[in-house]
Amino acid sequence: MTVQLISIQPPPIKGSTVRSNPLNPLAKDVRCHLQDAIQSAISDPAITSIILHGGKNFSAGADITEFSGSENLTTSKHVPSLQVVIDLIESSPKPIVAAVTGVALGGGCELALACHFRVAHSKAKMGLPEVKIGVIPGGDGTQRLPRLSKDVAWTLDVIMSGRMFGMAEAKSKKIVDGITDNFKDVLEVAQKWADYATIMKDMTFRMASNQEVFAEDDAAALASARAICEQSLRKIPPKDRGGEALHAVVKAVRASFESKTFKEGSDLETEIFFDLLLNSHQGRGLRHAFFAERKVDKGSKKLLGGPIAQAFLNPKAGPLVGVIGAGTMGSGIAISFLRSGCKVIIVDNSEKSLERGSNLISKILQSDVTKKRMSSSQAAHILKNNFSTTSDMKTGEFCNCLVVVEAVFENLKIKQSIFRQLDTVIRNPKALLLSNTSTLNIDSIASALSPQKRNFCAGMHFFSPAHVMKLVEIVISSDTSPETVAIVQMITSKKLRKVGVTVGNCEGFVGNRMVNSYSAEAAFVLTEGGGSVQDVDKALVNFGMAIGPLNMGDLAGTDIGYLIAKEKGLVRDPKTGSPGPNRKEGMRYSDLLDDLVVKLGRSGQKVMKGWYDYDPKVGRGRKPLPSKEVEDFIASYTNGDAPTTKYSKQEIVERLLFPLVNEGFKILEENIAQKPSDIDVIYVYGYGWPAYRGGPMYWIDNEVGLPYFLKRLNEMNHSFPGSTYYIPSALLKECVALGFGLQEYYDKGFHKKHTNNAKL
């Protein structure tokens with residue numbers, strides 16, 4: 001018996017310096033190689049069986065850069081489609097064994113499912129995550145997975161969530177036949193299965209396409225499977241609110257047990273796949289968001305040779321990180337570093353705050369244990385050996401920190417005082433001194449440091465809750481060195497497993513600078529009588545936002561916005577009622593939020609009342625409930641000038657989102673953000689923007705259109721003088737004058753003239 005080993009990765013071209021992709025994407029050259037190698041093995045009489053393997057990884061799936069059109073995915077004269085390769089594998093008269101290592105995802109998983117036997121390393125992962133880019137599996141994954149597992153509910157869960165599943169789970173569902181704990185033994189185990197299969201000879205009974213999900217005459221199983229599909233449909237968003245691909249998954253999986261033949265179900269899957277690929281705006285938005293994240297600047301590896309960077313790159317080092325502030329944000333940042341293997345010291349001058357912070361960290365780590373993200377012994381080790389607190393940064397180990405993240409309240413004087421102390425307390429002259437400020441000028445904070453330390457200062461703006469949210473804005477000051485930026489980028493992406501977007505220094509940076517108008521206009525719509533609190537939030541949730549702006553304000557704390565406005569000198573003097581000293585004449589400003597906090601004490605969900613009421617007995621105190629007090633309070637602001645009809649959902653969406661996007665254009669003009677897609681990443685990962693709409697800059701470019709956007713901004717600017725965020729961006733006007741979309745403008749290189757004013 002002779003077994004032919006076929007690697008998914010083609011052999012290197014002689015003389016080529018191009019390195020192969022360790023994820024083995026199934027690009028054109030790979031598909032051609034697989035077709036040729038498998039056909040050659042089938043036609044060779046000396047070969048009795050075939051093992052398909054990938055090395056470190058089996059295959060992470062299709063090369064989705066080819067998803068720009070069907071011509072890249074269908075069979076041409078010289079290039080087979082993935083479907084052709086899959087059909088060739090399953091129909092092979094000689095047994096083919098998949099040796100699964102690393103990941104087998106998407107098309108890679110479908111390759112494995114088409115093989116007659118599957119063996120795997122115990123730490124391998126499989127999955128069909130296509131819904132995350134707006135399509136469904138296109139290589140019969142919706143047809144083979146339920147046939148092999150005999151479990152419709154499990155199949156729907158796996159495909160609709162896009163999650164990966166481990167090999168113990170795969171074995172229990174009969175997706176894999178054998179597992180080994182030793183990576184080096186995978187091919188040896190595959191060899192044994194190949195020898196076993198050769199003895200059996202006939203592989204037709206092992207072909208998933210020849211199996212049924214359940215017996216054809218099992219009426220009870222059919223009724224149950226249909227009920228499971230209907231139940232799944234009730235749990236997912238409507239098609240027009242991001243649910244297109246999810247609804248399509250249910251339809252395709254349903255075909256696996258309702259179609260008369262495997263081919264009928266396979267043909268339906270193919271039809272749905274290409275319809276979504278070519279016609280779904282949601283799919284295009286999701287794929288844009290997917291690639292936008294991967295285009296975010298990850299920094300230069302050449303700048304990571306120093307001892308600070310190497311300490312964080314060494315998985316066994318456990319570098320020491322200091323976090324200043326034991327509040328919700330500081331505790332969340334500490335958890336993020338603790339989970340990554342770092343040692344953390346939290347500093348706070350309040351013993352009560354330290355106790356609350358420690359309890360919160362312990363509680364969240366225990367939750368990680370409950371959710372099986374770590375073992376109880378790992379959690380205990382972290383709390384005993386890697387975590388400590390102090391009320392005095394001048395004592396103990398804090399002085400040896402390699403990175404310090406300040407996370408106290410947004411008060412410039414307080415932050416400057418802290419950095420002044422850090423300047424003398426931290427021993428390592430190249431330690432990174434970072435601020436979690438969400439709005440304040442990093443240059444002003446860094447000015448408290450001695451000149452030689454300012455190179456190592458930057459902003460590291462986490463989003464709340466910091467241990468959950470994936471986004472970090474990395475803010476560059478005038479003095480921040482390229483090495484510091486590269487290290488923070490590396491720590492964010494490699495160590496913390498978060499998405500770090502590098503931005504320039506200005507008030508609010510990118511995310512909060514843009515969201516300022518969003519929150520302000522929500523209050524104006526209320527005071528104008530254009531809608532209730534619920535109307536405003538529903539309009540934005542219907543658009544696709546995770547939560548509405550007022551609900552978001554309650555979650556963050558309405559007092560945060562008030563205190564920031566107070567710090568800016570905008571709020572009224574509580575004694576005299578006079579506007580703040582920095583509220584210029586003619587400036588459009590609503591006192592509604594300030595009065596909600598000061599006069600009614602409604603600081604948000606944390607005090608059980610903000611824009612909404614909260615009841616600890618309803619939704620564990622997190623469910624927003626309409627407030628009669630707030631409704632009456634808002635009514636006192638309209639002064640009888642309320643419109644005769646409330647604003648439509650589209651009017652509310654445009655009022656809130658158009659100035660937000662306009663500010664994004666201005667941010668690009670000033671080179672605060674490097675490219676439009678960086679802004680999209682910030683909003684998808686930090687502000688609950690629906691990924692199926694791509695991000696605010698993608699949305700305005702592809703769904704709204706720049707000419708209409710400019711027209712409406714001009715109208716709003718005329719209607720609402722005193723709000724600079726309605727003044728159309730010069731960049732926007734230039735794009736419209738040239739007849740270009742925003743991305744087209746960047747693709748053609750017109751943006752490069754703005755780099756003279758570079759903030760990055």
Side-chain angles (χ1 to χ4, degrees), residues 161 231-238 241-243 246 327-329 331-332 335 356-357 359-371 463-469 515 518-519 522-523 525-527 529-563 592-637 646 649 652-653 656 686-690:
S161 68
Q231 186 178 25
S232 294
L233 289 172
R234 288 193 291 271
K235 293 179 179 179
I236 59 180
R241 284 186 51 204
L246 294 172
T328 303
M329 179 59 81
S331 298
I335 291 164
R356 279 196 302 270
N359 289 338
L360 178 60
I361 289 169
S362 179
K363 182 180 178 181
I364 291 172
L365 290 179
Q366 186 54 51
S367 176
D368 285 350
V369 172
T370 302
K371 294 174 182 177
F463 284 69
S464 185
H467 63 287
V468 174
M469 299 293 283
V515 87
Y518 179 68
S519 303
V525 169
L526 295 178
T527 58
S532 66
V533 170
Q534 294 92 322
D535 291 332
V536 172
D537 276 349
K538 283 179 181 177
L540 275 299
V541 170
N542 186 69
F543 172 81
M545 300 296 282
I547 59 175
L550 302 169
N551 191 357
M552 181 178 74
D554 275 0
L555 194 61
T558 53
D559 57 330
I560 300 298
Y562 163 73
L563 290 169
L592 179 60
L593 173 64
D594 302 342
D595 290 344
L596 185 80
V597 174
V598 176
K599 294 181 179 180
L600 301 184
R602 302 184 70 96
S603 299
Q605 191 183 106
K606 59 191 173 188
V607 296
M608 308 307 284
K609 59 179 185 177
W611 292 110
Y612 294 91
D613 286 337
Y614 298 88
D615 185 336
K617 297 179 181 178
V618 181
R620 293 187 293 178
R622 298 173 187 169
K623 182 179 175 62
L625 305 169
S627 170
K628 184 68 167 59
E629 181 182 40
V630 172
E631 182 184 339
D632 292 342
F633 191 64
I634 292 170
S636 68
Y637 274 77
K646 289 184 176 181
K649 288 179 180 177
I652 294 173
V653 166
L656 272 64
Y687 293 86
W689 187 279

Reported NZ-to-OH distance for the pair Lys623 and Tyr612, which is rounded to 0.5 angstrom:
10.5 Å
Sub-3.5 Å donor-acceptor pair from the side chain of Asp535 to the main-chain atoms of Ser532, do we have one?
yes
Tell me the side chain to side chain donor-acceptor pair (under 3.5 Å) pairs involving residues 539-554, sequence neighbours left out?
Asp554-Tyr614
Between Gly332 and Ala466, the two heavy atoms sitting closest are C-CB, 3.6 Å
Which distance, rounded to the nearest 0.5 Å, do you find between the CG of Asn359 and the CD of Gln366?
13.0 Å
CE of Met552 to OG of Ser519, rounded to nearest 0.5 Å, is 4.5 Å
How far apart are the closest heavy atoms of Leu540 and Gly548, and which atoms are they?
CB-CA, 4.5 Å
For Lys606, what residues pass the side chain to side chain donor-acceptor pair (under 3.5 Å) criterion, not counting sequence neighbours?
Asp559
Quick one: list whatever passes side chain to side chain donor-acceptor pair (under 3.5 Å) with Arg241, sequence neighbours left out.
none
Counterpart residues, salt bridge (Lys or Arg N to Asp or Glu O under 4.0 Å), relative to Lys617 (two or more places apart)
none
Listed partners of Tyr518 passing ring-ring contact (aromatic ring centres under 6.0 Å, His included), at least two apart
none
Closest non-hydrogen atom pair, Ala539 against Ile652:
CB-CG2, 3.8 Å
Can you give me the closest heavy-atom contact between Pro549 and Ala522, atom names plus distance?
CG-CB, 4.1 Å
Pro626: which residues meet the side-chain contact (heavy atoms from CB on, under 4.5 Å) condition with it, sequence neighbours left out?
Gln534
Does Ser362 have any side-chain contact (heavy atoms from CB on, under 4.5 Å) partners at least two apart in sequence or in another chain, and if so, which?
Leu383
Listed by chain and number, what are the side chain to side chain donor-acceptor pair (under 3.5 Å) partners of Lys371, not counting sequence neighbours?
none
Inter-residue atom distance Leu596.CG - Ile634.CD1, 0.5 Å rounding
8.0 Å
If I compare all heavy atoms of Ala523 with all of Leu592, which pair ends up nearest, and what's the gap?
O-CD2, 4.1 Å
Sorted by chain and number, sequence neighbours left out, salt bridge (Lys or Arg N to Asp or Glu O under 4.0 Å) with Asp615 holds for none
So which atom in Lys646 and which in Gly529 form the shortest heavy-atom distance, rounded to 0.1 Å?
CG-O, 4.3 Å
Filter on side chain to side chain donor-acceptor pair (under 3.5 Å), then keep only pairs touching residues 594-603, sequence neighbours left out; what's left?
Tyr589-Asp594, Asp595-Tyr637, Arg602-Asp613, Arg602-Ser627, Arg602-Glu629
Who pairs with Leu555 by side-chain contact (heavy atoms from CB on, under 4.5 Å), at least two apart in sequence or on another chain?
Ile547, Gln605
Return the set of residues passing side-chain contact (heavy atoms from CB on, under 4.5 Å) with Pro465 (not counting sequence neighbours), or none when no residue passes.
His467, Val468, Met469
Does any N or O in the side chain of Ser636 come within less than 3.5 Å of the main-chain N or O of Phe633, such that one atom is a donor and the other an acceptor?
yes
For a side-chain contact (heavy atoms from CB on, under 4.5 Å) check, start with the C-alpha distance between Ile361 and Ile364, then their side-chain angles and the critical distance, and finish with the verdict.
CA-CA 5 Å; Ile361 289 169; Ile364 291 172; over 6 Å; no
